[in-house]
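Down below is the structure, laid out as structure tokens.
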Amino acid sequence: MNELRIGYARCSTDEQDLTVQREALEALGVSADRVYVDHGLTGTNRDRPGLRQALAACRAGDTLVVTKLDRLARSLPDARAIADELTAREVKLNLGGSLHDPTDPIGKLLFNALAMMAEFEADLAKMRTREGMRLARAKGHLRGKQPKLSAKKEAHLLSLYDAGTHSISELEELFDVTRSTVYRAIARGRARSGS
């Protein structure tokens, strides 16, 4: 049975592009139809559909290929758990062209060091974000997410809904908002009126 190379790519935000990772995976011998991706999910979130699919696609003798360890995991426990799962299933792990050998003490040390660096970088990013938000809040620039509807528009939406003249979908279209925004406005109105 031939060894398959299964690729996994991930980016944390929807604005980021996976082209560079896809091209790097292709250069590492992964065919485009064997690349699984997660878009807009952090490496600290282990519940990633693309990762689940990539792991499920791997069989004994195959190789899971990622461009860098931080694309696979952003914490030492997760990186170890994934590597241990792959080892138990006899699946090799290729990190940007370097094959991870769990039986080699030096390879294990380097893997753990890379995983610790990935976790450290994730922690630094969180810390910087919190500091930036604290600073913005102190300057009065951070007031939370602005409501989709002004108080006046929400009151109008509620009056139309209570009168029974418009359906939810009509209210969505009329106020140019999503269904969930309409339902939240109705829930807030009921909470205020006590009904």
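Along the sequence shown, the residues carry numbers beginning at 1. As a basis for the values below, the full set of heavy atoms in this structure was taken, side chains included, without hydrogen atoms, waters or symmetry mates.
- Here the options are L93, T67, D78, the test is side chain to side chain contact (heavy atoms under 4.5 Å, CB included), and the partner is L72; only L93 passes.
- With rounding to the nearest 0.5 angstrom, the OH atom of Y8 is 8.5 Å from the CZ atom of R71.
- In this structure a side-chain-to-backbone donor-acceptor pair under 3.5 Å is present from R5 to L28.
- Every pair tested for salt bridge (Lys or Arg N to Asp or Glu O under 4.0 Å) that includes a residue from residues 33-42 fails, sequence neighbours excluded, so the list is empty.
- Hydrophobic clustering keeps L64 apart from L99 (ILVMFWY residues linked when any side-chain heavy atoms are closer than 4.5 Å, directly or through intermediates).
- Here the closest heavy-atom approach between residue A57 and residue D62 is recorded as O-OD2, 3.9 Å.
- Between K92 and D101 there is no salt bridge, since none of the side-chain N atoms of the basic residue sits less than 4.0 Å from a carboxylate O of the acidic one.
- The CZ atom of R184 lies 6.0 Å from the OG1 atom of T178; values are rounded to the nearest 0.5 Å.
- Counting only residues at least two apart or on different chains, the salt bridge (Lys or Arg N to Asp or Glu O under 4.0 Å) pairs with a member in residues 146-164 are E154-R188, E154-R192.
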May I have the list of side-chain donor-acceptor pairs in residues 125-132 shorter than 3.5 Å, sequence neighbours left out?
from	atom 1	to	atom 2	distance (Å)
R128	NH1	L124	O	3.2
T129	OG1	A125	O	2.9

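- A salt bridge links R74 with E121: the closest approach of a Lys/Arg side-chain nitrogen to an acidic carboxylate oxygen falls below 4.0 angstrom.
- The distance from the CD1 atom of I6 to the OG1 atom of T63 is 9.0 Å, given to the nearest 0.5 Å.
- For A79 against A115, the heavy-atom pair with the smallest separation is CB-CB, 3.7 Å.
- In terms of hydrophobic clustering, with Ile, Leu, Val, Met, Phe, Trp and Tyr side chains grouped at heavy-atom distances under 4.5 Å, M116 and L95 are assigned to different clusters.
- No more than 12 heavy atoms of other residues, nucleotides or ligands sit less than 6.0 Å from atom CD of E90.
- Looking only at distances, no side-chain donor or acceptor of T181 sits under 3.5 Å from a matching main-chain atom of V177.
- With hydrophobic clusters built from ILVMFWY side chains whose heavy atoms lie under 4.5 angstrom apart, L158 shares a cluster with V182.
- To the nearest 0.5 Å, atoms OG (S75) and CZ (F120) are separated by 15.5 Å.
- Interatomic distance, CG of L55 versus CD1 of I82, reported as 6.5 Å (0.5 Å rounding).
- Residue H156 holds its NE2 atom at 11.5 Å from CG of L149, rounded to the nearest 0.5 Å.
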- request: Walk me through it: do L160 and L174 pass the test side-chain contact (heavy atoms from CB on, under 4.5 Å)?
  value: CA-CA 11 Å; L160 293 174; L174 183 64; 3.6 Å; yes
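- For E173, the CD atom counts as loosely surrounded, since its 6.0 Å shell holds 12 or fewer non-hydrogen atoms of other residues, nucleotides or ligands.
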Side-chain donor-acceptor distances from residues 18-27 under 3.5 Å, at least two apart:
from	atom 1	to	atom 2	distance (Å)
T19	OG1	D17	OD1	2.9
T19	OG1	D17	OD2	2.8
Q21	OE1	R10	N	3.2
Q21	NE2	R10	O	2.8

- prompt: Can R80 and N112 be said to form a side-chain contact (heavy atoms from CB on, under 4.5 Å), step by step?
  reply: CA-CA 8 Å; R80 280 186 181 156; N112 285 329; 3.1 Å; yes
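- L86 and L51 fall within the same hydrophobic cluster, defined by Ile, Leu, Val, Met, Phe, Trp and Tyr side-chain heavy atoms under 4.5 Å apart, directly or through other members.
- Q53 pairs by the side chain to side chain contact (heavy atoms under 4.5 Å, CB included) definition with Y36, not counting sequence neighbours.
- Annotation for A54 and G7: closest pair CB-O, 4.3 Å, computed over non-hydrogen atoms.
- Taking hydrophobic clusters as Ile, Leu, Val, Met, Phe, Trp and Tyr residues chained together by side-chain heavy-atom distances below 4.5 Å, V35 does not share a cluster with L4.
- With H39 contributing its side chain and S12 its backbone, the two residues share no donor-acceptor pair below 3.5 Å.
- Under the 3.5 Å distance criterion, the side-chain polar atoms of R52 are left unmatched by any main-chain donor or acceptor of D47.
- Every ring-ring contact (aromatic ring centres under 6.0 Å, His included) that H100 has, sequence neighbours left out, goes to F111.
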